[in-house]
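Note that the numbering runs from 1 along the sequence shown for the chain. Side chains included, hydrogens not; waters and symmetry mates left out as well; all remaining heavy atoms used.
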Amino acid sequence: DYSQIELRVLAHISGDEGLINAFLSGADFHTITASEVFGIPPEKVTSLMRDRAKAVNFGIVYGISDYGLAQGLNISNQEAEDYKETYFEKFPGVREFMYNSVKNARENGYVTTLLNRRRYIPDIASRNYHLRSFAERVAMNTPIQGSAADIIKIAMVKVHQNLKKGGYKSKLILQVHDELVFDVPKEELSIVIPAVKHHMETAFALRVPLVVDFKQGYTWDEL
């Protein structure tokens, strides 16, 4: 499975130097962002701080509201608003990306993924506040989540072609979001695992590395 692919896509699309450097450092991403948001050295970040930074990181991807973040972290709306504001101050490229995504959706009626796949968003001009707000979140999220979906599809095609070309018995049997599940004979593990990892990590060139983790077991339930 891809490690934090949507956040990596966000770093790439937004071009935010802070996010890019956090991934390039090779350190724990949520710890680094917590360090920035709370203004303390990484070694002083507590597990609570990391959890809150993680919630904000993923919340940003999905256009979470102050209320939604507050409910998820069991904090006040004001605290949630402060967290988000501090985040945007530390990572201004993300705020600019979100603003431009909504702006482009209003002007064009759609947004695109990194591979130029379109998603039309007619409700972006709705007079209904709730429909319009949801449409704005879709406009912010689609370039990220849609691009992540595009990337794993490219990886799936490359992996399938490689397995077929090599005459392997291994088969790609399932995709679950950012995860691929394979049925692999034991004798092919040492060949197939590095090959799959390579094709997934090189499926698309981002400003930050794509990282793939893998596990093996006799059943999916074991994993």
(message) Tell me whether Asn128 at atom CG has more than 12 heavy atoms from other residues, nucleotides or ligands lying less than 6.0 Å away.
(response) yes
(request) Verify the neighbour count for atom CZ of Phe134: are there more than 12 heavy atoms of other residues, nucleotides or ligands below 6.0 Å? (result) no
(request) Locate the shortest heavy-atom distance separating Pro185 from Ser170; write the atom from each residue and the value. (result) CD-OG, 3.4 Å
(message) Could you tell me if Asp123 and Ser126 have a donor-acceptor pair between their side chains, going purely by distance under 3.5 Å?
(response) no
(request) With the side chain counted from C-beta on, respond yes when His30 and Asp51 share a heavy-atom pair under 4.5 Å apart, and no when they do not. (result) no
(message) If hydrophobic residues (ILVMFWY) are linked whenever their side-chain heavy atoms come closer than 4.5 Å, directly or via other members, who joins Tyr99 in its cluster?
(response) none
(request) Start with the C-alpha distance between Tyr83 and Ile75, add both sets of side-chain angles, then the distance that settles side chain to side chain contact (heavy atoms under 4.5 Å, CB included), and finish with yes or no. (result) CA-CA 11 Å; Tyr83 276 135; Ile75 58 177; 3.6 Å; yes
(message) I need the minimum non-hydrogen distance between Lys169 and Glu188, along with the two atoms involved.
(response) N-OE2, 2.9 Å
(request) Find out whether Val211 and Arg8 are in side-chain contact, i.e. whether some heavy atom of one side chain is under 4.5 Å from a heavy atom of the other. (result) yes
(request) Indicate yes or no for a side-chain donor-acceptor contact from Glu85 to the backbone of Glu81 under 3.5 Å, with no hydrogens or angles considered. (result) no
(message) Phe97 vs Leu10, test: side chain to side chain contact (heavy atoms under 4.5 Å, CB included). Steps then yes/no.
(response) CA-CA 9 Å; Phe97 155 72; Leu10 173 60; 3.8 Å; yes
(request) Begin with the C-alpha distance, continue with both residues' side-chain angles, and end with the deciding distance and a verdict on salt bridge (charged side-chain N to carboxylate O under 4.0 Å, His left out) for Arg106 and Glu136. (result) CA-CA 9 Å; Arg106 288 200 182 105; Glu136 290 173 354; 2.6 Å; yes
(request) Return yes when atom CD of Glu17 has more than 12 non-hydrogen atoms of other residues, nucleotides or ligands closer than 6.0 Å, and no otherwise. (result) no
(message) Same cluster or not: Ile5 versus Leu24, using hydrophobic residues (I, L, V, M, F, W, Y) connected whenever any side-chain heavy atoms lie under 4.5 Å apart?
(response) yes
(request) Identify whether Val56 and Ile40 are in the same connected component of the hydrophobic contact network (ILVMFWY, side-chain heavy atoms under 4.5 Å). (result) yes
(request) Answer yes if the side chains of Glu201 and Tyr2 hold a donor-acceptor pair under 3.5 Å, and no otherwise. (result) no
(request) Taking all non-hydrogen atoms of both residues into account, name the closest pair between Thr33 and Ala53 and its distance. (result) OG1-CB, 3.9 Å
(request) Over all heavy atoms of both residues, which pair between Glu222 and Gly217 is shortest? Give the atoms and the distance, please. (result) OE1-CA, 3.5 Å
(request) State yes or no: do Val157 and Ile173 share one hydrophobic cluster built from I, L, V, M, F, W and Y residues joined by side-chain heavy-atom distances below 4.5 Å, directly or via other members? (result) no
(request) Name all residues meeting the side chain to side chain contact (heavy atoms under 4.5 Å, CB included) criterion together with Asn77; count only those two or more places apart in sequence or in a different chain, and write none if there are none. (result) Tyr67, Ala70
(message) Using side-chain heavy atoms (C-beta onward) and a distance below 4.5 Å, is Val111 in contact with Arg118?
(response) no
(message) Side chains of Val181 and Trp220, heavy atoms from C-beta outward: is any pair under 4.5 Å?
(response) yes
(message) Looking at every non-hydrogen atom in both residues, tell me the closest pair between Thr202 and Lys158 and how far apart they are.
(response) O-NZ, 3.5 Å
(request) Check step by step if side chain to side chain contact (heavy atoms under 4.5 Å, CB included) holds for Leu180 and Ile152. (result) CA-CA 9 Å; Leu180 298 180; Ile152 200 168; 3.9 Å; yes
(message) Using modelled atom types and a 3.5 Å cut-off, is there a donor and acceptor pairing between side-chain atoms of Glu96 and backbone atoms of Met98?
(response) no
(request) Output yes when a side-chain donor or acceptor of Asn108 lies under 3.5 Å from a complementary backbone atom of Tyr110, and no otherwise. (result) no
(request) Identify whether Leu174 and Ile154 are in the same connected component of the hydrophobic contact network (ILVMFWY, side-chain heavy atoms under 4.5 Å). (result) no
(message) Whether the side chain of Ser25 engages the backbone of Ala22 through a donor-acceptor N/O pair (distance < 3.5 Å, no angle test) should be reported.
(response) yes
(request) Show your reasoning for whether side chain to side chain donor-acceptor pair (under 3.5 Å) applies to His199 and Gln161. (result) CA-CA 10 Å; His199 288 300; Gln161 290 174 340; over 6 Å; no
(message) Check this for me: Lys197, atom NZ, are more than 12 non-hydrogen atoms of other residues, nucleotides or ligands nearer than 6.0 Å?
(response) yes
(request) Answer whether the closest heavy-atom distance between the side chains of Ile32 and Pro42 falls below 4.5 Å. (result) yes
(request) Take the angle between the ring planes of Phe23 and Phe29 and call it parallel below 30°, perpendicular above 60°, tilted in between. (result) parallel
(request) Give a yes or no on whether the ring-centroid distance for Phe58 and Tyr62 is below 6.0 angstrom. (result) no
(request) Determine whether Glu79 and Ser76 make a side-chain contact, defined as any pair of heavy atoms from C-beta on separated by less than 4.5 Å. (result) yes
(request) Report yes if some heavy atom in the side chain of Ile13 is under 4.5 Å from a heavy atom in the side chain of Ser147; otherwise report no. (result) yes
(message) For the CZ atom of Phe182 and the CG atom of Leu163, what is their distance to the nearest 0.5 Å?
(response) 6.5 Å
(message) Asp28 vs Arg50, test: side chain to side chain contact (heavy atoms under 4.5 Å, CB included). Steps then yes/no.
(response) CA-CA 10 Å; Asp28 179 74; Arg50 184 187 181 280; 2.8 Å; yes
(request) Taking all heavy atoms of Met140 and all of Ser101, pick out the closest pair and write down the distance. (result) CA-CB, 4.1 Å
(request) For the residue pair Thr113 and Pro143, establish whether any side-chain heavy-atom pair is separated by less than 4.5 Å. (result) no
(request) Output the distance between atom CG (Leu69) and atom CG (Asn74), rounded to the nearest 0.5 Å. (result) 11.5 Å
(message) Are Val9 and Leu115 linked, directly or through intermediate hydrophobic residues, by side-chain heavy-atom contacts shorter than 4.5 Å (ILVMFWY only)?
(response) yes
(message) Given 3.5 Å as the limit, does a donor-acceptor pair link the side chain of Asp1 with the main chain of Glu179, or not?
(response) no
